[in-house]
Amino acid sequence: MESWSKVASSTLVMFLVLHLGLIPIMAQQDKLQIGFAGQAVTLNCGDIPHQTDVTWKYNRVPIRLFRSTNLKGKAPMTERSEIEPNSKCLKVWDLRLSDAGNYTCEYGSHTVRISLHVFNLTISLNGHFLPNEVPELILMHNASPPLPRLDIRVFNSNNNTVSPVSQDKIHQQYTLRLMQLKAMDSGTWRCHVHSDSPFINQSISFDIKVLGFQNPDLVRKYATVDSSVTLSWCLNFQKIKWKEGFTGKLNLKQEENASAYELLDFNVTAQKQHETKKSRHFQFEIPERKPESTIEVKLPKVHFNHSGQYECQLAYNGRYTQSNIELVVMKVSANPAGPLTRGAEMTLICQVSRPLPSNAHLRWERVNGTQMDIKKSKQHEAKVEVKVSSAGLWNCDLIEDNDKKISLHYSVEEAPIWVRYLATGVTIGGSMLVVGFACLGVIIGITWQRRRQRAKRMAQARQYLRENKRCQCQHPASRLPTSRVVPSSSPTGARHPLVLHLVFPGTARIAPRGRRGADECQDPLREPRGPRHS
C-alpha cells in the first residue's frame, strides 16, 4: 500500500508540473491573416470580456493600449489604427507593405499572436487598355520570414484560366505578363494566390477595361448605285463604365496606298458625345437620332466612287485603335446602251468597285430563263459580262457564302420598227456622206495639185524672162522667141488690133494689150496696161 501511495503521489506531482508548464503554451495562439495594401484590415483577438484591458503590439512595439481610455503607442501604424471598444479588435487603415509582420494581442494572462501577410497587386496602365495591348500584373508579398513560395493563377471575367505569357520572381515581387486583350475581355478579373505552408488560399480581384468597338472585326457592306446606306460603329465605353475622356475620327481610304480623307471627328467625355463634320466635298449626313455610344454616317445616294475602307479610329493617351467597314458598290450597264435592234447583239456588264473575297461572286441570270442563261464571275473577279441577242429581263446578284447580298436588274428592250428603219437610213446616209466627203477630198486634192503645177510653171517663165530681159526692138530676129499673130475679138464681135503673143517653150503665154512706143523697152514682168482709145 505504501508503494502504491508513493506512485500515486509522484504521478500527481508530474501531472501538476506538466499542467503548470503547459499554461503559457496554451495561452499563446497563432493566427494568419491576409491584408491588401491601400485597404483596411481588422485583426481579431477573440472573445474578450467587456471590462478587460487589451494591449496590441507590432513586433513587440506597442500600438494601442485600451484601458479606461484608448492610449497610443510608438508603432509605425499607430496613427492609422484604433481599438474598437466592444470587440477589442485592432483596425488598421491604408495598409502598407511595411505593415506586414507579427502582431500580438495581450489581455490578462492570454496572448494571441497574428501573422499578417500583406499583398499589393498593381496593373499596368491603371487597368485602362486598348485592344491588342498586353496587361502586366505585379504582385508584391510581404510577411515575416521565411516567405512562402506562392502559386499564382489568373482568371478572366468569364472565370476562365488565363495562362501568363511570362512570370518572373524577384524576392517579394511576382511579375506576370498576360495575353493580348480584346474588347470583350473587359470586366472583373481574379488573381488567385495559394501556398501550402503556411496555408494561403486567397483571391485578389481587379478590373480590366478595354476601350473599343462591339464589332471590332472588319465588316464588309454592300450597296448598289443610287441607293442609300448607313455605316455605324458601336462603342463600348458606356457598357464598361469608362470614365476617362477620349477622342476619335472617321476617315475614308479609297485605295490601299492612297491618302485618307477625314470625314468627321468626335470627342467623348463622361457627360456627352460631340461630332464635328470635316469634309464638305463628300456628301454624307450625321443622323440626329441614333443609338447612344454610336458613331454613324449616312450616304443618301451612293456613287460608284464611294467605295473604300471607312476607318473609325479611337485615341486615348497617345494610343490608337480602329475598326473598319469596307463598302463595296455594285452597278450594271449595257454596251451599246439603248434598245436592241433585230439581228444586233448587246453586252450586259455587272461590276463591283472592289475585288470580291474568295467566298463571293457575281452572277447574271435571265428571269424565266434556262441554265444556259446563267453566267458567273471567276474567283476574285470584280466584273462579269454576258452577251444578249434578244429582249428580256436580267438580274445580277452578288452572292456571298450562298447568301444573296444585293441584286440589280436590267431590262433589255427590243427597238421599234421605225427605229430599225431609222437606223438603216442613218447607216446608209452615213455611208453616202462618207463617200461624198471622200470624193470631195479627191477633187480638192486634184485641183490643188493642178494649181500648184501652174504656179510652178509661171515661176519658171518669170525666171526665164528675168535672165533674158531685152527690148524686142534691140534684138535680132534670130534671137527673138517664136511669135504668132492671133486675132482677138471682144464679146460684142468688134475687132481689135492684132496682138503679138510671145511663146516660150514650157512657159505660159503673156500677151501685151496695147501698143507701146518703138523706143520704149518692154518689161514682161510689168503689169500690162489697158488698150488706148483715140
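A quick note: this is a predicted structure, and the numbers were derived from the prediction, not measured. Below, each value reflects all heavy atoms present in this structure, side chains not excepted, and no hydrogens, waters or symmetry copies.
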ask   = Under 4.5 Å between any side-chain heavy atoms of Leu137 and Phe206, yes or no?
value = yes
remark   = side-chain hydrogen bond (donor to acceptor under 3.5 Å, both in side chains) pairs touching residues 221-232, sequence neighbours excluded, are Tyr222-Glu400, Thr224-Ser227
query = Less than 4.5 Å apart, any side-chain heavy atom of His361 and any of Gln379?
reply = no
inquiry  = Check this for me, if you would: do Glu79 and Lys72 make a salt bridge, where the nitrogen-to-carboxylate-oxygen distance has to be below 4.0 angstrom?
reply    = yes
task = Determine which pairs satisfy salt bridge (charged side-chain N to carboxylate O under 4.0 Å, His left out) with at least one residue from residues 143-164, sequence neighbours left out, and list them in order.
result = none
Mutual orientation of the aromatic rings belonging to His194 and Phe199 [parallel < 30°, tilted 30-60°, perpendicular > 60°] = perpendicular
request  = For the residue pair Phe119 and Phe36, categorise the inter-ring angle as parallel (less than 30°), tilted (30 to 60°) or perpendicular (more than 60°).
outcome  = tilted
message = Between Val92 and Ser81, is there a side-chain heavy-atom distance shorter than 4.5 Å?
response = yes
Nearest-0.5 Å distance, CG of residue Leu356 to OG of residue Ser377 = 6.0 Å
task = Could you tell me which residues satisfy side chain to side chain donor-acceptor pair (under 3.5 Å) with Thr321, sequence neighbours excluded, listed by chain and number?
result = none
inquiry  = Determine whether a donor-acceptor pair (N or O, by modelled atom type, separation under 3.5 Å) exists between the side chain of Trp233 and the backbone of Ser323.
reply    = yes
inquiry  = Is there a disulfide between Cys105 and Cys45 in this structure (defined here as SG atoms under 2.5 Å apart)?
reply    = yes
request  = May I ask you to say whether Lys91 pairs ionically with Glu82, meaning some side-chain N is under 4.0 Å from a carboxylate O?
outcome  = no
query = Relative to the ring of His141, is the ring of His117 parallel (under 30°), tilted (30 to 60°) or perpendicular (over 60°)?
reply = parallel
